[in-house]
Amino acid sequence: QVQLLESGGGSVEAGGSLTLSCVASEYPYSRNYMGYVGWFRQVPGKEREGVAIISTDSGRTNYADSVKGRFTISHDHGRITVYLQMNNLKPEDTAMYYCATALSSNGSLEPAKYSLWGQGTQVTVSS
């Protein structure tokens, strides 16, 4: 069973930065393919929302409007790891952040298109 493990969360002040990591225990799909990997976030009482997606095949990315210009998603194929660099953090970025992968999502930010999920890492941004 492939597992995804997120790390890098924490508490920062507004304007600060954090880098989240998502490491897979093995390649989720055949032929050493990581698939489409995304970062999602959720606050209590609200639906989970997509933040950033990367195609680990083409490198194509997709971002939610709320994080464009501030967050950058990247991946390291050899380390089976996807990163989320978060700059200029705002209090509204406070949430539990999850990574997830899909064999084929076409870069969609819709959480329902992703089948393998990690346990999450908490990000708290104070004003």
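Throughout, numbering of the chain's residues begins at 1 and tracks the sequence. Only a predicted model underlies this, so the values are computations on that prediction, with no experimental measurement involved. Computed from heavy atoms alone, side chains included, the values below leave out hydrogens, waters and symmetry copies.
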Peer 1: Counting heavy atoms not belonging to Q119, are there more than 12 under 6.0 Å from its CD?
Peer 2: no
Peer 1: Work out which heavy atom in V123 is nearest to a heavy atom in G9; give both atom names and the distance.
Peer 2: CG2-CA, 4.2 Å
Peer 1: Shared ILVMFWY cluster between L20 and V12, side chains joined below 4.5 angstrom?
Peer 2: yes
Peer 1: Any chance you could measure Q42, atom CD, to M96, atom CE, to the nearest 0.5 Å?
Peer 2: 9.0 Å
Peer 1: Short question: side chain of S17, backbone of Q85 - any donor-acceptor pair under 3.5 Å?
Peer 2: no
Peer 1: Do the side chains of R41 and E49 get nearer than 4.5 Å, heavy atoms only?
Peer 2: yes
Peer 1: Going by heavy atoms in the side chains, are C22 and W39 under 4.5 Å from each other?
Peer 2: yes
Peer 1: Do S58 and S55 pass the side chain to side chain donor-acceptor pair (under 3.5 Å) test, and can you show the C-alpha distance, the side-chain angles, and the key distance before you say yes or no?
Peer 2: CA-CA 6 Å; S58 68; S55 164; 3.1 Å; yes
Peer 1: Is it true that, when you exclude E26 itself, more than 12 heavy atoms of the residues, nucleotides or ligands shown sit nearer than 6.0 Å to its CD?
Peer 2: yes
Peer 1: So do I53 and I73 actually touch side chain to side chain, heavy atoms under 4.5 Å?
Peer 2: no
Peer 1: Nearest 0.5 Å please: distance from the CZ atom of R60 over to the CG atom of N62.
Peer 2: 7.5 Å
Peer 1: Is there a side-chain contact between L18 and L89, using heavy atoms and a 4.5 Å cut-off?
Peer 2: yes
Peer 1: For residues L103 and Y33, determine if any side-chain heavy atom of one lies less than 4.5 Å from a side-chain heavy atom of the other.
Peer 2: yes
Peer 1: Going by heavy atoms in the side chains, are V2 and Y29 under 4.5 Å from each other?
Peer 2: no
Peer 1: At their closest point, which heavy atom of E6 faces which heavy atom of Y98, and how far apart are they?
Peer 2: OE2-CA, 3.4 Å
Peer 1: Flag yes if Y83 and Y27 sit in one hydrophobic cluster, no otherwise; membership is Ile, Leu, Val, Met, Phe, Trp, Tyr, and two members link when side-chain heavy atoms are under 4.5 Å apart.
Peer 2: no
Peer 1: Can you confirm whether or not the ring centre of Y36 sits under 6.0 Å from the ring centre of Y114?
Peer 2: no
Peer 1: If you take all heavy atoms of A52 and L84, which pair is closest and at what distance?
Peer 2: CB-CD1, 4.0 Å
Peer 1: Side chains of V51 and F71, heavy atoms from C-beta outward: is any pair under 4.5 Å?
Peer 2: yes
Peer 1: Would you call Q3 and V23 a side-chain contact if the rule is heavy atoms closer than 4.5 Å?
Peer 2: no
Peer 1: Taking S105 for the side chain and A102 for the main chain, is one N or O donor matched with an acceptor at less than 3.5 Å?
Peer 2: no
Peer 1: Got a donor-acceptor contact below 3.5 angstrom from the H77 side chain to the M34 backbone?
Peer 2: no
Peer 1: Are F40 and I54 in one and the same hydrophobic cluster, where Ile, Leu, Val, Met, Phe, Trp and Tyr link if side-chain heavy atoms are under 4.5 Å apart?
Peer 2: no
Peer 1: Determine the minimum heavy-atom distance between V125 and K90, stating which atoms define it.
Peer 2: CB-O, 3.3 Å
Peer 1: So, the side chain of R70 versus the backbone of S66: is there a donor-acceptor pair under 3.5 Å, distance only?
Peer 2: yes
Peer 1: Please name the pair of heavy atoms, one in A24 and one in L4, separated by the smallest distance, quoted to 0.1 Å.
Peer 2: CB-CD2, 3.7 Å
Peer 1: Stepwise, does the salt bridge (charged side-chain N to carboxylate O under 4.0 Å, His left out) test hold for K68 with D65?
Peer 2: CA-CA 5 Å; K68 282 181 180 177; D65 288 343; 3.1 Å; yes
Peer 1: Distance-only, no hydrogens or angles: does the N106 side chain make a donor-acceptor pair with backbone N or O of S108 under 3.5 Å?
Peer 2: no
Peer 1: What's the shortest heavy-atom distance between R79 and T81, and which atoms?
Peer 2: O-OG1, 2.7 Å
